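Only one structure is covered here, and it is reproduced in the block below.
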Amino acid sequence: MFPTSENQRETIVSVLVPVAVPMAYTYKVPAGLHVEPGTIVQVPLGPRQVLGAVWDGEPDAAINPKKLKTITRVFEQARPLQPDLRRFVEWVANWTLAPPGMVLRMVLRSEEALEDEPPITGVRWAEGRQPDRQTPARKKVLALVEDGMAWPKSGLAQAAGVSVSVIDGLLQQDVLQQVQLPAVPPAAKPDPNFAKVQLTLTQKEVSDGLRAAFDKGTSVSLIDGVTGSGKTEVYFEAIAEALERGKQALILLPEIALTAQFLRRFEQRFGTLPAEWHSEITPKKRGRVWRGVASGDVRVVIGARSALFLPFDDLGLIIVDEEHDAAFKQDDRVPYSARDMAVVRGHISRFPVILASATPSVESRVNAEYGRYARYLLPERASGAEMPQIRAIDMRREGPERGRWLAPGLLEAMKTALADGAQSLLFLNRRGYAPLTLCRTCGHRFQCRHCSAWLVEHRFQGRLVCHHCGHFEKMPETCPTCSSTQSLVACGPGVERIAEEVQSLIPEARTLILSSDLPGGAERMKREMKLVEEGEADIVIGTQLVAKGHNFPKMRLVGVVDADLGLAHGDPRASEKTFQLLAQVTGRAGRVTGGGLGFLQTYAPEHPVLKALMDQDQDAFYKAEIEARQVAGLPPFGRMAALIISGPDKPSAEGFARALARVAPPDRAVTVLGPAEAALAMVRGRHRYRLLLIAPRQFDLQAYLRHWLDVGPKPNRGLRVQLDIDPQHFL
DNA sequence: AGCACGCCGACT
DNA sequence: GTCGGCGTGCTC
């Protein structure tokens with residue numbers, strides 16, 4: 001690969017560039033410079049300079065030598081990407097049908113990481129020297145530096161209570177001198193023995209099992225524990241074990257859950273904050289963490305899915321918390337599932353991976369049942385609090401009068417809770433006031449002009465909003481078709497409408513809406529979450545964002561306004577998603593106060609998802625769902641791929657069908673759920689169409705797709721593939 | 001004519 | 001992913 005031939009021929013190497021080209025390119029190595037596989041380099045590509053990594057495999061000698069360009073820069077200080085990481089990049093590229101360069105791009109996402117950090121300069125007393133004239137300000141500064149310690153300039157000025165110009169004056173007279181300060185480490189070393197916690201008997205058993213997994217090399221464990229059962233405490237013990245063995249650890253959290261609260265819990269256990277990695281981290285910090293991870297200075301990273309591609313020096317454990325969460329899936333660029341790829345990374349580098357959830361994904365449950373994963377159960381709340389009682393309200397018999405949405409039984413329970421000083425939560429996963437507006441006179445329905453979804457009325461903003469593409473218009477006074485006035489009616493409820501109903505029926509309660517679209521942004525949301533936490537609201541009406549994150553200690557009652565919502569979707573995972581969401585939401589009830597209550601308003605009280613929730617019988621849900629999937633050939637028993645066709649065409653079934661026929665004619669081995677099916681309704685954004693292919697396990701779906709990708713439009717032009725396949729069988 | 005936009009191929 | 005080239009259609 002690196003001939004230093006006698007006849008002084010120039011060396012050539014493979015270089016992978018972070019661009020959507022199908023393979024590694026070939027470059028010349030400048031004379032006298034050493035590169036090896038993994039070395040990070042800068043190379044010319046077309047009209048620009050890009051980062052890249054020297055890659056494995058023979059460089060292509062067949063390329064016209066006149067075309068070959070030379071590596072412009074070698075990043076000698078940055079350590080080469082390790083063989084395991086390079087294999088991981090290749091694996092992910094192969095799996096996702098994405099160009100390997102696009103996966104490498106996720107590894108090289110911090111440009112700052114490669115440059116040396118500009119040294120931090122500080123000041124120190126030049127021993128013995130005194131200023132020409134003493135002033136009170138100068139005296140204060142000199143008192144601080146007397147001991148010979150070095151200070152950052154602004155820090156010293158602040159500590160002395162003087163302005164920076166005083167320091168500058170002293171520097172001028174050489175009373176102070178400039179010195180280099182050591183670089184700030186991105187995170188201190190966590191101490192596995194900082195604050196050992198008292199574990200319950202069950203927790204201890206699980207933690208012993210997890211610690212033992214380190215001796216097995218590759219292993220995956222699933223912690224299946226109810227909300228409040230202490231999953232976190234238990235997997236912290238696995239992190240302690242990794243640290244004791246001198247290994248690095250990575251905790252992956254869904255983006256939403258990266259809360260200060262979680263970081264504080266880590267700090268309490270290990271005595272220091274972990275390094276963080278997610279989209280909000282500043283470029284400078286990002287560079288420090290990247291370098292720290294590569295050098296081994298950073299021992300534990302807590303991050304969102306992209307942290308999986310960090311160049312760890314010696315990674316020995318990955319934890320995927322809330323492993324069922326959809327936020328682990330990336331839909332754009334390289335469409336990967338961080339949960340699945342974490343398992344792959346653990347497999348390649350032979351270390352344990354831990355998946356944790358109160359409501360595991362069906363895939364993980366199946367893998368556990370078939371013995372591919374070790375399964376650990378934490379069935380009880382560590383505080384001893386009871387799980388809430390959940391009952392259905394049959395809306396056919398116990399429902400409210402026409403035009404109202406809350407059943408009398410639910411309202412009674414809310415009033416009782418209010419009288420006892422406890423909080424209630426009404427959950428409805430629908431923003432706005434009403435999901436459909438129509439004209440009573442002519443039947444006109446307000447539809448989005450871009451994507452044909454119904455427009456949702458947002459009464460506080462006085463707008464009609466499309467929840468698909470974000471398009472909005474002012475709420476008109478008159479019908480745009482027949483010009484009738486006062487004829488527009490709102491159909492169905494959203495959170496705003498439920499809040500209106502609560503305010504009119506229980507006016508003495510302090511009500512609060514928690515919905516992502518309310519004005520004030522993330523700041524206001526944080527404040528309001530805090531208000532709820534402190535008991536400053538009696539009745540909270542919320543969309544799905546109340547399911548995650550904050551705990552509400554005074555919440556006793558949870559009412560699901562429409563428990564059927566989401567069950568009748570075209571989405572093949574509708575049941576699973578609804579089960580997980582409702583289990584989380586009802587789990588908010590009575591976590592600390594005990595005796596929590598859950599109500600499910602439904603027209604289908606016999607539905608297996610709702611029955612499982614009421615009976616507190618998760619197993620019943622998984623059993624029913626697994627059977628249904630086996631019959632339908634859905635994951636994890638079949639394999640599913642979505643072909644996404646995007647383009648500027650206006651939505652039209654004809655154009656879509658034409659594209660489909662050109663790209664992926666139906667095959668006897670695969671089921672194509674085309675535009676006519678509900679599958680399309682699942683994600684019909686602007687300029688985007690998706691169809692689902694479902695193939696049996698033994699069918700080589702990737703080869704099939706690869707074939708049609710070659711025949712059809714270029715993969716990076718209008719056509720994208722998203723695979724929803726559990727990789728467990730392919731390791 | 002001047003340009004904005006979309007499409008398409010090339011990039012070693 | 002990003003650039004440059006080229007065709008189409010619209011505006012000053």
Side-chain angles (χ1 to χ4, degrees), chain A residues 1-3 9-31 33 35-75 86 89-90 92-94 96-111 113-114 279 283 306 309 330-336 450 469 644-652 655-656 658-659 662-663 685-689 708-722:
Chain A
M1 167 131 197
F2 307 100
R9 269 221 341 251
E10 276 172 303
T11 327
I12 53 169
V13 289
S14 281
V15 174
L16 192 58
V17 287
V19 165
V21 294
M23 51 177 145
Y25 278 175
T26 304
Y27 284 89
K28 293 190 280 196
V29 181
L33 278 179
V35 297
E36 58 186 292
T39 304
I40 299 171
V41 294
Q42 189 186 64
V43 291
L45 181 72
R48 64 217 158 98
Q49 295 285 326
V50 295
L51 277 184
V54 175
W55 214 243
D56 308 79
E58 288 301 315
D60 190 347
I63 302 286
N64 177 1
K66 289 209 181 95
K67 245 170 121 180
L68 289 182
K69 295 184 183 169
T70 307
I71 291 170
T72 9
R73 186 169 168 199
V74 175
F75 292 92
R86 303 200 301 273
V89 167
E90 299 261 2
V92 174
N94 189 42
T96 57
L97 299 169
M102 292 305 293
V103 182
L104 179 70
R105 194 188 176 82
M106 302 195 286
V107 175
L108 300 177
R109 270 237 323 238
S110 172
E111 278 167 34
L114 300 168
S279 54
S306 56
F309 293 90
Q330 173 159 300
D331 290 340
D332 53 353
R333 300 181 200 91
V334 181
Y336 69 97
H450 299 298
C469 66
I644 295 170
I645 299 173
S646 53
D649 300 343
K650 285 266 184 272
S652 79
F656 181 73
R658 251 183 282 124
R662 208 172 61 225
V663 173
R686 187 146 86 117
H687 305 165
R688 254 177 88 177
Y689 307 90
W708 290 113
L709 289 173
D710 284 344
V711 172
K714 289 279 189 294
N716 57 343
R717 285 263 184 268
L719 187 96
R720 279 203 354 261
V721 186
Q722 233 168 285

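Every chain is numbered from 1, with letters handed out A, B, ... down the list of sequences. Nothing here was measured: the structure is a model prediction, and the numbers come from that model. Computed over heavy atoms, backbone and side chain alike; hydrogens, waters and symmetry mates excluded.
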Distance check needed: dG1(C) P versus Leu51(A) CG, whole Å only.
16 Å
Using a cut-off of 4.0 Å on non-hydrogen atoms, how would the nucleic acid contact of Leu68(A) be classed: base, sugar-phosphate, or nothing?
sugar-phosphate
Using atom CG of Asp60(A) as one end and atom P of dC11(B) as the other, report the distance to the nearest whole Å.
14 Å
Taking Thr70(A) for the side chain and Lys28(A) for the main chain, is one N or O donor matched with an acceptor at less than 3.5 Å?
no
Looking only at side-chain N and O atoms, does Lys69(A) come under 4.0 Å of OP1 or OP2 in dT12(B)?
yes
Below the 4.0 Å mark, does dG1(C) have OP1 or OP2 next to a side-chain nitrogen or oxygen of Arg333(A)?
yes
Could you tell me how far apart Leu16(A) (CG) and dG1(C) (P) are, to the nearest whole angstrom?
15 Å
For Lys66(A), all residues meeting side chain to side chain contact (heavy atoms under 4.5 Å, CB included), sequence neighbours excluded
Asn64(A)
d(NZ, Lys67(A); P, dC11(B)) in whole Å
4 Å
Run the side chain to side chain contact (heavy atoms under 4.5 Å, CB included) test against Glu111(A) and tell me which residues pass, sequence neighbours left out.
Leu51(A)
Nucleotide dC3(C), atom P - distance to CZ of Arg48(A) in whole Å:
6 Å
Select base, sugar-phosphate, or nothing to describe what Arg105(A) touches, counting heavy atoms under 4.0 Å on all strands.
sugar-phosphate
Please give, in whole Å, the distance from dA10(B) P to Asn64(A) CG?
15 Å
Is there a donor-acceptor contact under 3.5 Å from the side chain of Thr26(A) to the main chain of Asp60(A)?
yes
In whole angstrom, give the distance that lies between atom CE of Met23(A) and atom P of dC11(B).
11 Å
Starting at atom CZ of Arg109(A), determine the distance to atom C1' of dG1(C), rounded to an integer number of angstrom.
14 Å
